Asks: 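Pasting a structure here, questions to come.
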Amino acid sequence: MIRVHLTAADFARVRFAPRPAPLQELNVALMKMCLRDEELLFGRWRRRLLRSLPGAVRPMADLVPAGMAPLFIDVFSDSLEEGLETVRASPPALVRSEIERVYAGHPSPAPPWVRRLHHGDAGAWHVLRRAQHSAFETVLRPLWPLVQDLHQREFTRHALLAAEHGVGAALTGLVPGTGLRGDVWELQAPCERDIQLRGQSVLLLPTFHWTGHPLVSHLPGRPLTVTYPAGPGLPLSLATGTGGRQDAYGVDGALAAVLGRTRVEILLLLAQEHTTSGLARRLGVSNATASAHAAALRGAGLISTVRAGRAVLHRRTSLGSLLVRRHSAEQGGADSGEQHGHPGTRSETGPGPEAGP
(Lines give C-alpha, C1' and ligand atoms only; values in the text may rest on other atoms or scores of the structure.)
Protein backbone atom coordinates (compact mmCIF):
# COMPACT_ATOMS: atom_id res chain seq x y z
CA MET A 1 0.00 0.00 0.00
CA ILE A 2 1.25 3.48 -0.89
CA ARG A 3 -0.13 6.24 1.30
CA VAL A 4 0.01 9.83 0.04
CA HIS A 5 -0.58 12.36 2.81
CA LEU A 6 -2.53 15.35 1.51
CA THR A 7 -3.21 18.75 3.02
CA ALA A 8 -6.04 21.03 1.95
CA ALA A 9 -3.54 22.93 -0.21
CA ASP A 10 -2.37 19.67 -1.80
CA PHE A 11 -5.86 18.93 -3.08
CA ALA A 12 -5.73 22.20 -5.01
CA ARG A 13 -2.49 21.06 -6.69
CA VAL A 14 -3.87 17.81 -8.11
CA ARG A 15 -4.06 17.94 -11.89
CA PHE A 16 -4.74 15.58 -14.74
CA ALA A 17 -2.20 15.32 -17.58
CA PRO A 18 -3.77 17.15 -20.55
CA ARG A 19 -2.03 14.90 -23.07
CA PRO A 20 -0.38 11.45 -23.01
CA ALA A 21 3.34 11.16 -22.25
CA PRO A 22 5.18 9.34 -25.08
CA LEU A 23 8.16 8.04 -23.10
CA GLN A 24 6.13 6.92 -20.08
CA GLU A 25 3.66 5.13 -22.35
CA LEU A 26 6.67 3.48 -24.02
CA ASN A 27 8.10 2.46 -20.64
CA VAL A 28 4.92 0.71 -19.52
CA ALA A 29 4.45 -0.95 -22.93
CA LEU A 30 7.94 -2.42 -22.72
CA MET A 31 7.30 -3.49 -19.11
CA LYS A 32 4.13 -5.28 -20.18
CA MET A 33 5.99 -6.91 -23.05
CA CYS A 34 8.62 -8.31 -20.69
CA LEU A 35 6.16 -9.72 -18.15
CA ARG A 36 4.66 -13.18 -18.54
CA ASP A 37 1.26 -12.50 -17.02
CA GLU A 38 -2.09 -12.68 -18.80
CA GLU A 39 -0.62 -14.91 -21.50
CA LEU A 40 -4.00 -15.68 -23.02
CA LEU A 41 -4.66 -12.01 -23.75
CA PHE A 42 -1.17 -10.63 -24.30
CA GLY A 43 0.86 -13.62 -25.54
CA ARG A 44 0.42 -13.03 -29.27
CA TRP A 45 0.95 -9.28 -28.82
CA ARG A 46 4.23 -9.87 -26.95
CA ARG A 47 5.58 -12.31 -29.53
CA ARG A 48 4.65 -10.07 -32.44
CA LEU A 49 6.19 -7.03 -30.76
CA LEU A 50 9.41 -8.84 -29.88
CA ARG A 51 9.82 -9.96 -33.50
CA SER A 52 9.32 -6.41 -34.77
CA LEU A 53 11.83 -4.62 -32.53
CA PRO A 54 14.94 -3.45 -34.42
CA GLY A 55 18.45 -4.03 -33.08
CA ALA A 56 18.77 -0.36 -32.11
CA VAL A 57 16.29 -0.99 -29.26
CA ARG A 58 18.50 -3.60 -27.56
CA PRO A 59 20.23 -1.11 -25.20
CA MET A 60 16.86 -0.54 -23.49
CA ALA A 61 17.07 -4.09 -22.11
CA ASP A 62 20.56 -3.37 -20.75
CA LEU A 63 19.10 -0.62 -18.57
CA VAL A 64 16.59 -3.02 -17.00
CA PRO A 65 18.75 -6.01 -16.05
CA ALA A 66 16.45 -7.46 -13.40
CA GLY A 67 13.06 -5.94 -14.19
CA MET A 68 13.87 -2.65 -12.44
CA ALA A 69 14.21 0.46 -14.60
CA PRO A 70 16.35 3.44 -13.57
CA LEU A 71 14.25 6.37 -12.45
CA PHE A 72 15.92 8.87 -14.78
CA ILE A 73 14.01 7.39 -17.76
CA ASP A 74 10.67 8.09 -16.01
CA VAL A 75 9.79 11.21 -17.97
CA PHE A 76 6.30 12.65 -18.34
CA SER A 77 6.69 15.29 -21.05
CA ASP A 78 3.85 15.31 -23.56
CA SER A 79 6.08 15.40 -26.64
CA LEU A 80 8.66 12.82 -27.68
CA GLU A 81 11.38 15.34 -28.45
CA GLU A 82 10.97 17.16 -25.13
CA GLY A 83 10.96 13.83 -23.31
CA LEU A 84 14.22 12.73 -24.92
CA GLU A 85 15.82 16.06 -23.99
CA THR A 86 14.59 15.71 -20.41
CA VAL A 87 16.20 12.28 -20.10
CA ARG A 88 19.47 13.70 -21.44
CA ALA A 89 19.33 16.55 -18.90
CA SER A 90 19.06 14.16 -15.93
CA PRO A 91 21.40 15.11 -13.05
CA PRO A 92 24.63 13.07 -13.30
CA ALA A 93 24.35 12.03 -9.65
CA LEU A 94 20.88 10.57 -10.29
CA VAL A 95 22.09 8.70 -13.37
CA ARG A 96 25.02 7.18 -11.48
CA SER A 97 23.00 6.19 -8.43
CA GLU A 98 20.21 4.64 -10.50
CA ILE A 99 22.55 2.59 -12.67
CA GLU A 100 24.26 1.34 -9.51
CA ARG A 101 20.87 0.51 -7.99
CA VAL A 102 19.53 -1.55 -10.90
CA TYR A 103 22.81 -3.49 -11.22
CA ALA A 104 23.30 -4.04 -7.48
CA GLY A 105 23.44 -7.77 -6.86
CA HIS A 106 23.12 -8.60 -10.55
CA PRO A 107 25.32 -11.58 -11.51
CA SER A 108 26.63 -9.96 -14.70
CA PRO A 109 28.47 -6.65 -14.94
CA ALA A 110 26.94 -3.75 -16.80
CA PRO A 111 27.70 -3.68 -20.56
CA PRO A 112 30.43 -1.27 -21.67
CA TRP A 113 28.02 1.32 -23.01
CA VAL A 114 26.14 1.41 -19.67
CA ARG A 115 29.42 1.91 -17.82
CA ARG A 116 30.20 4.79 -20.17
CA LEU A 117 26.75 6.23 -19.49
CA HIS A 118 27.57 5.99 -15.78
CA HIS A 119 30.55 8.25 -16.48
CA GLY A 120 28.53 10.72 -18.56
CA ASP A 121 29.93 9.78 -21.97
CA ALA A 122 28.20 11.67 -24.82
CA GLY A 123 28.37 8.66 -27.13
CA ALA A 124 26.56 6.51 -24.58
CA TRP A 125 23.82 9.11 -24.29
CA HIS A 126 23.42 8.97 -28.07
CA VAL A 127 23.00 5.18 -27.87
CA LEU A 128 20.21 5.59 -25.31
CA ARG A 129 18.44 8.32 -27.28
CA ARG A 130 18.52 6.25 -30.47
CA ALA A 131 17.17 3.22 -28.59
CA GLN A 132 14.26 5.17 -27.06
CA HIS A 133 13.40 6.87 -30.34
CA SER A 134 13.51 3.61 -32.30
CA ALA A 135 11.40 1.84 -29.68
CA PHE A 136 8.74 4.55 -29.78
CA GLU A 137 8.56 4.49 -33.57
CA THR A 138 8.14 0.71 -33.59
CA VAL A 139 5.90 0.14 -30.57
CA LEU A 140 3.75 3.27 -30.32
CA ARG A 141 3.89 5.44 -33.43
CA PRO A 142 1.31 3.37 -35.37
CA LEU A 143 -1.06 3.51 -32.38
CA TRP A 144 -0.37 7.03 -31.16
CA PRO A 145 -3.56 8.63 -32.58
CA LEU A 146 -5.53 5.95 -30.75
CA VAL A 147 -3.63 6.59 -27.51
CA GLN A 148 -4.44 10.29 -27.86
CA ASP A 149 -8.14 9.57 -28.32
CA LEU A 150 -8.21 7.18 -25.37
CA HIS A 151 -6.48 9.81 -23.25
CA GLN A 152 -9.14 12.36 -24.21
CA ARG A 153 -11.81 9.86 -23.23
CA GLU A 154 -10.21 9.36 -19.81
CA PHE A 155 -9.75 13.12 -19.41
CA THR A 156 -13.49 13.47 -20.00
CA ARG A 157 -14.29 10.83 -17.39
CA HIS A 158 -12.03 12.48 -14.83
CA ALA A 159 -13.41 15.97 -15.56
CA LEU A 160 -16.98 14.80 -15.11
CA LEU A 161 -16.22 12.99 -11.88
CA ALA A 162 -14.31 15.94 -10.42
CA ALA A 163 -16.96 18.43 -11.52
CA GLU A 164 -19.85 16.46 -10.07
CA HIS A 165 -18.32 14.98 -6.91
CA GLY A 166 -15.03 16.83 -6.25
CA VAL A 167 -11.33 16.02 -6.44
CA GLY A 168 -11.53 13.47 -3.62
CA ALA A 169 -14.03 11.37 -5.55
CA ALA A 170 -11.86 11.63 -8.66
CA LEU A 171 -8.88 10.29 -6.72
CA THR A 172 -10.78 7.37 -5.25
CA GLY A 173 -12.41 6.62 -8.61
CA LEU A 174 -9.08 6.44 -10.41
CA VAL A 175 -8.76 2.64 -10.29
CA PRO A 176 -10.20 -0.12 -8.08
CA GLY A 177 -8.38 -0.41 -4.77
CA THR A 178 -7.76 3.30 -4.21
CA GLY A 179 -9.30 5.01 -1.21
CA LEU A 180 -9.28 8.21 0.80
CA ARG A 181 -9.05 7.88 4.57
CA GLY A 182 -9.24 11.36 5.99
CA ASP A 183 -6.34 13.20 4.37
CA VAL A 184 -4.48 10.03 3.27
CA TRP A 185 -4.85 8.78 -0.30
CA GLU A 186 -4.23 5.03 -0.43
CA LEU A 187 -3.14 3.18 -3.57
CA GLN A 188 -2.71 -0.56 -3.92
CA ALA A 189 0.94 -1.48 -4.46
CA PRO A 190 3.28 -4.41 -3.73
CA CYS A 191 5.25 -2.28 -1.25
CA GLU A 192 4.65 -0.21 1.88
CA ARG A 193 5.40 3.48 1.44
CA ASP A 194 4.34 6.80 2.94
CA ILE A 195 4.74 9.97 0.88
CA GLN A 196 4.66 13.51 2.22
CA LEU A 197 4.24 16.02 -0.62
CA ARG A 198 5.72 19.09 1.10
CA GLY A 199 4.43 21.44 -1.59
CA GLN A 200 4.84 19.14 -4.58
CA SER A 201 1.92 18.89 -6.97
CA VAL A 202 0.25 15.64 -8.03
CA LEU A 203 0.01 14.63 -11.69
CA LEU A 204 -2.45 11.91 -12.75
CA LEU A 205 -1.42 10.15 -15.95
CA PRO A 206 -3.46 7.35 -17.53
CA THR A 207 -1.70 4.61 -19.48
CA PHE A 208 -3.19 2.25 -22.03
CA HIS A 209 -0.53 -0.49 -22.08
CA TRP A 210 -0.57 -1.43 -18.41
CA THR A 211 -3.05 -3.48 -16.39
CA GLY A 212 -1.29 -3.68 -13.02
CA HIS A 213 -1.22 -1.50 -9.92
CA PRO A 214 -0.64 2.28 -10.16
CA LEU A 215 2.99 3.28 -10.72
CA VAL A 216 4.23 6.14 -8.54
CA SER A 217 7.20 8.35 -9.39
CA HIS A 218 8.40 10.68 -6.64
CA LEU A 219 11.58 12.57 -7.45
CA PRO A 220 12.83 15.85 -5.97
CA GLY A 221 11.81 18.89 -7.98
CA ARG A 222 9.12 17.03 -9.94
CA PRO A 223 5.42 16.46 -9.34
CA LEU A 224 4.39 13.23 -7.69
CA THR A 225 3.22 11.36 -10.78
CA VAL A 226 0.74 8.51 -10.58
CA THR A 227 0.58 6.46 -13.77
CA TYR A 228 -2.51 4.28 -13.66
CA PRO A 229 -4.13 1.74 -16.02
CA ALA A 230 -7.05 3.15 -17.99
CA GLY A 231 -7.11 1.14 -21.22
CA PRO A 232 -9.52 -1.50 -22.44
CA GLY A 233 -7.53 -4.27 -20.71
CA LEU A 234 -6.42 -5.72 -24.04
CA PRO A 235 -3.51 -5.02 -26.41
CA LEU A 236 -4.57 -1.92 -28.31
CA SER A 237 -3.95 -3.53 -31.68
CA LEU A 238 -6.32 -6.34 -30.70
CA ALA A 239 -8.90 -4.07 -29.10
CA THR A 240 -9.19 -1.89 -32.20
CA GLY A 241 -9.11 -4.68 -34.77
CA THR A 242 -8.98 -3.30 -38.31
CA GLY A 243 -11.53 -0.60 -37.85
CA GLY A 244 -9.42 2.50 -37.23
CA ARG A 245 -9.68 4.88 -34.34
CA GLN A 246 -12.97 6.56 -35.19
CA ASP A 247 -14.76 3.21 -35.47
CA ALA A 248 -13.47 1.76 -32.20
CA TYR A 249 -12.51 4.64 -29.90
CA GLY A 250 -13.34 7.84 -31.79
CA VAL A 251 -13.94 11.01 -29.86
CA ASP A 252 -17.68 10.94 -30.48
CA GLY A 253 -17.85 7.33 -29.29
CA ALA A 254 -15.69 8.19 -26.29
CA LEU A 255 -18.02 10.96 -25.20
CA ALA A 256 -21.05 8.76 -25.80
CA ALA A 257 -19.51 6.01 -23.68
CA VAL A 258 -19.27 8.45 -20.77
CA LEU A 259 -22.42 10.54 -21.21
CA GLY A 260 -24.74 8.57 -23.43
CA ARG A 261 -25.53 9.60 -27.00
CA THR A 262 -28.59 11.69 -26.17
CA ARG A 263 -26.59 13.83 -23.75
CA VAL A 264 -23.81 14.23 -26.31
CA GLU A 265 -26.41 15.46 -28.79
CA ILE A 266 -27.70 17.94 -26.21
CA LEU A 267 -24.18 19.28 -25.61
CA LEU A 268 -23.69 19.74 -29.34
CA LEU A 269 -27.03 21.49 -29.71
CA LEU A 270 -26.21 23.82 -26.84
CA ALA A 271 -23.55 25.64 -28.81
CA GLN A 272 -26.52 28.04 -28.76
CA GLU A 273 -29.06 28.19 -25.97
CA HIS A 274 -32.23 26.12 -26.22
CA THR A 275 -35.36 25.62 -24.18
CA THR A 276 -36.29 22.25 -22.77
CA SER A 277 -39.17 21.84 -25.21
CA GLY A 278 -36.90 22.88 -28.06
CA LEU A 279 -34.38 20.22 -27.12
CA ALA A 280 -37.18 17.66 -26.85
CA ARG A 281 -38.46 18.43 -30.36
CA ARG A 282 -35.02 18.22 -31.95
CA LEU A 283 -34.14 14.99 -30.16
CA GLY A 284 -37.53 13.40 -30.69
CA VAL A 285 -38.11 12.77 -26.98
CA SER A 286 -40.62 13.95 -24.40
CA ASN A 287 -40.19 17.16 -22.44
CA ALA A 288 -39.76 15.11 -19.27
CA THR A 289 -36.94 13.07 -20.84
CA ALA A 290 -35.15 16.17 -22.14
CA SER A 291 -35.54 17.78 -18.71
CA ALA A 292 -34.02 14.74 -16.99
CA HIS A 293 -31.01 14.71 -19.34
CA ALA A 294 -30.53 18.45 -18.84
CA ALA A 295 -30.62 18.01 -15.05
CA ALA A 296 -27.88 15.37 -15.25
CA LEU A 297 -25.68 17.56 -17.44
CA ARG A 298 -26.29 20.55 -15.17
CA GLY A 299 -25.32 18.48 -12.11
CA ALA A 300 -22.02 17.60 -13.82
CA GLY A 301 -21.33 21.28 -14.51
CA LEU A 302 -21.59 20.87 -18.29
CA ILE A 303 -24.60 23.17 -18.83
CA SER A 304 -26.28 25.99 -16.94
CA THR A 305 -29.99 26.69 -16.75
CA VAL A 306 -31.87 29.98 -16.23
CA ARG A 307 -35.56 30.87 -16.29
CA ALA A 308 -36.85 33.53 -18.65
CA GLY A 309 -40.53 33.99 -17.93
CA ARG A 310 -42.26 30.69 -18.62
CA ALA A 311 -39.26 29.36 -20.54
CA VAL A 312 -36.27 27.44 -19.19
CA LEU A 313 -33.09 28.22 -21.16
CA HIS A 314 -30.07 25.91 -21.20
CA ARG A 315 -26.56 27.00 -22.13
CA ARG A 316 -23.32 25.04 -22.37
CA THR A 317 -20.66 25.88 -19.78
CA SER A 318 -16.94 26.24 -20.44
CA LEU A 319 -16.39 22.68 -19.21
CA GLY A 320 -19.08 21.41 -21.58
CA SER A 321 -17.43 23.25 -24.45
CA LEU A 322 -14.06 21.72 -23.53
CA LEU A 323 -15.49 18.22 -23.87
CA VAL A 324 -16.92 18.77 -27.35
CA ARG A 325 -14.09 20.90 -28.75
CA ARG A 326 -12.05 17.88 -29.79
CA HIS A 327 -15.14 16.41 -31.49
CA SER A 328 -15.55 19.58 -33.57
CA ALA A 329 -11.89 19.49 -34.60
CA GLU A 330 -12.24 15.87 -35.74
CA GLN A 331 -15.38 16.71 -37.75
CA GLY A 332 -13.64 19.66 -39.36
CA GLY A 333 -16.64 21.95 -38.97
CA ALA A 334 -18.11 24.59 -36.73
CA ASP A 335 -19.32 23.53 -33.32
CA SER A 336 -23.04 23.91 -33.77
CA GLY A 337 -26.18 21.84 -33.98
CA GLU A 338 -26.29 22.36 -37.78
CA GLN A 339 -23.54 19.79 -38.44
CA HIS A 340 -25.82 17.18 -36.90
CA GLY A 341 -28.88 18.14 -38.89
CA HIS A 342 -30.43 20.35 -36.20
CA PRO A 343 -31.06 24.08 -36.49
CA GLY A 344 -28.80 25.97 -34.14
CA THR A 345 -31.27 28.64 -33.15
CA ARG A 346 -33.14 29.02 -29.89
CA SER A 347 -36.47 27.28 -30.01
CA GLU A 348 -39.69 28.96 -28.98
CA THR A 349 -41.73 27.76 -26.08
CA GLY A 350 -44.73 25.58 -26.78
CA PRO A 351 -48.33 26.54 -26.12
CA GLY A 352 -48.29 24.93 -22.65
CA PRO A 353 -46.11 25.62 -19.62
CA GLU A 354 -42.41 24.90 -20.05
CA ALA A 355 -41.19 21.62 -18.55
CA GLY A 356 -38.97 22.12 -15.54
CA PRO A 357 -35.22 21.51 -15.72
Side-chain angles (χ1 to χ4, degrees), residues 2 20-36 46 49-50 52-141 189-193 195 198 200 203 205 207 209-210 212-227:
I2 295 178
L23 286 186
Q24 182 65 355
E25 192 69 29
L26 175 63
N27 290 344
V28 297
L30 295 177
M31 286 171 59
K32 193 65 179 176
M33 182 189 72
C34 294
L35 293 176
R36 291 295 177 261
R46 289 187 179 103
L49 197 56
L50 282 168
S52 69
L53 290 176
V57 177
R58 173 64 195 179
M60 295 292 293
D62 295 335
L63 277 183
V64 191
M68 294 188 302
L71 293 179
F72 63 84
I73 66 171
D74 284 350
V75 170
F76 309 99
S77 304
D78 59 16
S79 79
L80 178 61
E81 191 62 29
E82 182 182 343
L84 294 171
E85 292 298 325
T86 302
V87 173
R88 179 63 181 90
S90 300
L94 176 64
V95 175
R96 290 193 298 268
S97 64
E98 283 300 294
I99 290 176
E100 292 166 7
R101 179 180 67 85
V102 299
Y103 270 93
H106 195 263
S108 302
W113 86 269
V114 175
R115 295 199 295 270
R116 294 196 300 272
L117 186 68
H118 184 273
H119 294 297
D121 178 72
W125 278 109
H126 178 72
V127 169
L128 176 57
R129 182 188 182 96
R130 184 177 61 182
Q132 290 181 298
H133 189 275
S134 182
F136 179 85
E137 294 298 321
T138 304
V139 177
L140 291 183
R141 180 65 72 187
C191 62
E192 291 292 327
R193 188 177 177 191
I195 296 176
R198 296 186 175 87
Q200 287 178 289
L203 178 67
L205 177 67
T207 175
H209 285 84
W210 182 247
H213 60 83
L215 306 171
V216 177
S217 176
H218 188 216
L219 292 174
R222 297 184 186 178
L224 172 76
T225 303
V226 179
T227 304

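The structure presented is a predicted model; accordingly, all values stated were derived computationally and were not measured.
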Asks: Working note: L35 + R46, criterion side-chain contact (heavy atoms from CB on, under 4.5 Å); need CA distance, chi angles, decisive distance, verdict.
Replies: CA-CA 9 Å; L35 293 176; R46 289 187 179 103; 4.1 Å; yes
Asks: Any idea which heavy atoms bring A124 and W113 closest together, and the distance?
Replies: CB-O, 3.5 Å
Asks: Begin from the C-alpha positions of F72 and L117 and carry the test side-chain contact (heavy atoms from CB on, under 4.5 Å) through to its verdict.
Replies: CA-CA 12 Å; F72 63 84; L117 186 68; 4.2 Å; yes
Asks: Kindly compute the distance separating SG (C34) from CG (L50), expressed to the nearest 0.5 Å.
Replies: 7.0 Å
Asks: Below 4.5 Å, heavy atoms only, C-beta onward: do V226 and L203 meet side chain to side chain?
Replies: no
Asks: Check L94 against S97 and note the closest heavy-atom contact, atom names and distance.
Replies: O-OG, 3.0 Å
Asks: Nearest heavy-atom pair of V102 and L63: which atoms, and what distance?
Replies: CG2-O, 4.0 Å
Asks: Would you say P190 and H213 make side-chain contact, with heavy atoms under 4.5 Å?
Replies: yes
Asks: Assess the residue pair Q132 and I73 against the criterion (side-chain contact (heavy atoms from CB on, under 4.5 Å)); give the C-alpha distance rounded to whole Å, side-chain angles, the decisive distance to 0.1 Å, and a yes or no.
Replies: CA-CA 10 Å; Q132 290 181 298; I73 66 171; 4.2 Å; yes
Asks: T138 and P54: which non-hydrogen atoms are nearest, and at how many Å?
Replies: OG1-CD, 3.4 Å
Asks: Side-chain contact test, heavy atoms from C-beta onward, threshold under 4.5 Å: evaluate it for V57 versus R130 and give yes or no.
Replies: no
Asks: Restricting to non-hydrogen atoms, name the atom on A21 and the atom on V75 that form the minimum distance, rounded to 0.1 Å.
Replies: CB-O, 4.4 Å
Asks: Working to the nearest 0.5 Å, report the span between CG of N27 and NE2 of H209.
Replies: 12.0 Å
Asks: To the nearest 0.5 angstrom, please state how far the CZ atom of R141 sits from the CG atom of L26.
Replies: 11.5 Å
Asks: If you count the non-hydrogen atoms of other residues, nucleotides and ligands that lie under 6.0 Å from CZ in R58, is the total more than 12?
Replies: no
Asks: Would you say I2 and I195 make side-chain contact, with heavy atoms under 4.5 Å?
Replies: yes
Asks: Going by heavy atoms in the side chains, are L215 and M31 under 4.5 Å from each other?
Replies: yes
Asks: May I ask you to decide whether R101 forms a salt bridge with E98, counting only side-chain N to carboxylate O separations under 4.0 Å?
Replies: yes
Asks: To the nearest 0.5 angstrom, please state how far the CG atom of D74 sits from the OG1 atom of T227.
Replies: 7.5 Å
Asks: Is any side-chain heavy atom of W125 closer than 4.5 Å to a side-chain heavy atom of V95?
Replies: yes
Asks: Hey, could you give me the OG1/NZ distance between T207 and K32, rounded to the nearest 0.5 Å?
Replies: 10.5 Å
Asks: Measure the CD-CZ distance between E25 and F76 for me, rounded to the nearest 0.5 Å.
Replies: 11.5 Å
Asks: Would you please test L49 and V139 for side-chain contact (heavy atoms from CB on, under 4.5 Å) and show each step?
Replies: CA-CA 7 Å; L49 197 56; V139 177; 3.8 Å; yes
Asks: Can you name the closest pair of heavy atoms from H133 and L84 and give their distance?
Replies: CD2-CD1, 4.1 Å
Asks: Tell me if the centroids of the rings in Y103 and H106 come within less than 6.0 Å of each other.
Replies: yes
Asks: Has R96 got a side-chain atom pairing as donor or acceptor with H119's backbone, closer than 3.5 angstrom?
Replies: no
